There are 2 protein chains.
Amino acid sequence: MQKQPTIRDVAAAAGVSVAVVSRVLNPGSGPVAAATRGRVSDVMETLGYHPRTAARELKHGPPTTLGLLLADVSNPFFARLADQVVQEAHSRGIQVLLMTTQEDDQLESERLATLIERRVSGIIATPTGNNLDTWKKLQDMGTDVVFVDRSIPALPAVDVVTINNTESARSATALMAAHGHRRIAIISGPASSTTGRDRIAGYREALDAAGLEQDELLIRSAAFRGAAGGDATTALLSLEDPPTALVVANTAQVTAVLRRLAHAGISIPEELSVIVFEDSPWTELMTPPLTIVRQPIDLLARHSVRLALSNPSGKTSGKPTVVRVDAELIERSSVSRPKPRP
Amino acid sequence: MQKQPTIRDVAAAAGVSVAVVSRVLNPGSGPVAAATRGRVSDVMETLGYHPRTAARELKHGPPTTLGLLLADVSNPFFARLADQVVQEAHSRGIQVLLMTTQEDDQLESERLATLIERRVSGIIATPTGNNLDTWKKLQDMGTDVVFVDRSIPALPAVDVVTINNTESARSATALMAAHGHRRIAIISGPASSTTGRDRIAGYREALDAAGLEQDELLIRSAAFRGAAGGDATTALLSLEDPPTALVVANTAQVTAVLRRLAHAGISIPEELSVIVFEDSPWTELMTPPLTIVRQPIDLLARHSVRLALSNPSGKTSGKPTVVRVDAELIERSSVSRPKPRP
DNA sequence: TTGTAGGCGTTATCAG
DNA sequence: CTGATAACGCCTACAA
């Protein structure tokens, strides 16, 4: 436990002033004789000197830290997003402060408070939907806020990066219809989320386009956390006129739904055709391999980081950017024609 | 884009000195009249004042940030670890800086450098195995270093939290032997990792205990990244006397191995009994449901955070702590008696 | 090319 | 109880 050398120690040991040391620390900030630079560098090395970030940040609020506020990193979708965001940020010399909300307003509020105190230059978040005033305040402070995966309609001034949810749900539903299904159910995120709403909208559009009747009983919302997906599944299966096809558009509930189906002894796709919004390697290993909607997580991450770093200091006050990337429908073997009804 | 109020602005607006404001900010640091406190609090509220972390850190190096240095967050094991670590840290008012190494020495070195500059109070890491001098330096500086999941034997002074790898591999192997298998293969992490070594050691012990012959051809190492698991699988299958049982002890390679098995048309468990080190919900949904070794990630996280925060300032210089938690063998349906050889 | 001095926002010490 | 004031470690004009 040795106390850290400061810039002053280095200066003294090298027989120069702190200004010179500072200049070799920040190339381009001023001229330094080559000989001097070498000597100072050597001293820093032998002393084991490392400039202290906290002191640097105190001067000019630095775009060196970025907050990543996700619902939950145990969800593979968010985990991969976090992975990509961290890599992308690192490649630009930016550090990432990771926080989770558990979809809880209150926790989100606390996290945002510490993000404010840390004066991060940007925040990439999957917002719960509340704390509107705090989000606004963050923007007022000049923080670059980027919502990823979801958005908050009441906050139209924020940059957003999402997949094209409407189109994704539409194409998945359309595929079911093309296979001859007339009773197509969907389990989606809560209607309070833009993601949930958009996907249900796409679902409805596909039904309309196929001339299919809409049955509200076939539309189920399930929270992003908990086991609501299983209950929704049970409810659908016990309908008087149960669906022959199911689109699981809530990534967080995919395994819960499949577990319930397995438990109920439903065979896929003979008794029920299934498409899931999920891109785990496991989907391919299932029996049968699942038809999926793959979300381009790397693109989400790349755009998010770019936007969160685009306004180096202060907002360009232009319109907010909205990036919408396309998901990919990957057909495998969990969709077939419906079994003729007796 | 408004510039942030400082403690001085608050003091001025409230008609008090900065010292008083500082005291209401840090309760317990000194006496403040109730009336004054209220007035100051109000002013802080209306001005939207938030103390700046960077300035605070400049004073006394604060145990308010913790570095989490993982190989890769897209790996569900690490993702869940990150999730738990973040939650545990948050519950103690600590923030987490997330970094990844991609198992690359060089990247690890860079990450460690920025961690040093930030003067984090503690680091939880899955070390690549190199950068020994930097790890030592970190400890000299008083940083609490905790290795999780793996360790570095050459660095015996570091706290370590792992599962009981030897025992886990032994019990998995023993289960295979108990089912009558005599040709049991294992795919493990690289022999350069403690994790890989320990698991292979446990495997050998189980074989000895069962009186089974050891065949080096049945022991395969695969890197933590890439598709080496698939190749190892192919190699095992094409052996003259192929195994009837396989323990996949490298979490990162589980899906790669299963994909290869599926591709080769190997049926589980009829042609090959399988146990995997993995705890994804998907393992239960496979056909057949996989027998797994479940790692108690929550315990790993809890202990890691505790240790990383245990030496508030400066090391207690006691012996390093080694926590070894037990994994759980969960029997499902991917293990059966070997098919009698023709 | 190098040195001096002041300030960034907060906390801590010591008088009032 | 409250108020000046000196650090904390680094950067940056401005001088030399």
Side-chain angles (χ1 to χ4, degrees), chain A residues 2-41 43-44 47-64 114 116-121 141-142 313, chain B residues 2-41 43-44 47-64 114 116-121 141-142 313:
Chain A
Q2 65 197 29
K3 66 166 167 298
Q4 295 301 303
T6 77
I7 196 175
R8 247 175 282 271
D9 298 322
V10 175
V16 297
S17 75
V18 295
V20 176
V21 179
S22 178
R23 286 191 203 103
V24 343
L25 238 36
N26 313 50
S29 66
V32 184
T36 313
R37 155 170 285 110
R39 185 154 38 95
V40 173
S41 298
V43 173
M44 297 198 302
L47 252 49
Y49 167 79
H50 287 273
R52 192 159 152 180
T53 304
R56 288 182 146 169
E57 292 196 343
L58 194 48
K59 296 288 299 181
H60 315 295
T64 184
T114 89
I116 287 178
E117 297 185 353
R118 281 205 137 73
R119 304 290 195 276
V120 294
S121 57
M141 291 173 53
S313 57
Chain B
Q2 64 196 30
K3 66 167 168 297
Q4 295 301 301
T6 77
I7 197 173
R8 250 177 279 271
D9 299 320
V10 175
V16 297
S17 73
V18 295
V20 176
V21 179
S22 178
R23 285 190 203 105
V24 342
L25 238 37
N26 311 52
S29 65
V32 185
T36 312
R37 154 169 287 111
R39 187 153 38 94
V40 173
S41 299
V43 173
M44 296 197 303
L47 253 51
Y49 167 78
H50 287 273
R52 192 161 153 180
T53 304
R56 288 182 148 169
E57 292 196 343
L58 190 50
K59 294 291 298 184
H60 315 293
T64 185
T114 90
I116 287 178
E117 297 184 353
R118 281 205 132 83
R119 303 293 196 278
V120 294
S121 56
M141 291 174 52
S313 56

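Proteins get letters first, then strands, A, B, ... in listed order; numbering begins at 1 in each. Since the structure is predicted, the reported quantities are computational estimates derived from the model, not experimental observations.
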Which atom pairs link the protein and nucleotides 2-4 of chain C when you take only N or O atoms and keep those under 3.5 Å?
residue : atom : partner : partner atom : Å
C:dT2   : OP1  : A:Thr36 : OG1          : 2.3
C:dT2   : OP2  : A:Ala33 : N            : 2.8
C:dG3   : OP2  : A:Ser17 : N            : 2.8
C:dG3   : OP2  : A:Ser17 : OG           : 3.2
C:dG3   : O6   : A:Arg23 : NH2          : 2.7

Could you list all N or O pairs between the protein and nucleotides 6-8 of chain C that sit under 3.5 Å apart?
residue : atom : partner : partner atom : Å
C:dG7   : N2   : A:Lys59 : NZ           : 3.2

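Across the protein-nucleic acid pair, B:Ile7 atom CD1 and D:dA4 atom P stand 14 Å apart, rounded to whole Å. Distance, B:Arg119 CZ to D:dC10 C1': 11 Å, rounded to whole Å. Summarising the geometry, the separation between CD on B:Glu57 and C1' on D:dG9 is reported as 13 Å, rounded to the nearest angstrom. As a whole-Å value, the separation of B:Leu25 CG from C:dA12 P is 11 Å.
Heavy-atom minimum distance, A:Arg119 versus B:His50: NH2-O, 2.9 Å. Of all heavy-atom pairs spanning B:Ser121 and B:Thr64, the tightest one is OG-N, 4.3 Å. The two residues B:Ser17 and B:Ala11 come nearest to each other via the heavy atoms C-CB, 3.7 Å.
A distance of 13.0 Å separates CE in B:Met44 from CG in B:Asp9, rounded to the nearest 0.5 Å. Put simply, CD1 on A:Ile7 and CZ on A:Arg52 are 13.5 Å apart, with the number rounded to the nearest 0.5 Å.
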Could you give the side-chain donor-acceptor pairs of residues 21-28 of chain B under 3.5 Å, partners two or more places apart or in another chain?
none

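Note on the helix from C:dT1-D:dA16 to C:dG16-D:dC1: terminal axis deviation equals 40°, with five pairs used at each end and the result rounded to 10°.
In this view, A:Arg118 and B:Glu57 satisfy the salt bridge (Lys or Arg N to Asp or Glu O under 4.0 Å) rule, not counting sequence neighbours. Judged as a side-chain contact (heavy atoms from CB on, under 4.5 Å), and not counting sequence neighbours, the contacts of B:Val43 are B:Val10, B:Ala13, B:Ala14, B:Leu47.
OP1 or OP2 of D:dC11 has at least one side-chain nitrogen or oxygen of A:Asn26 nearer than 4.0 Å.
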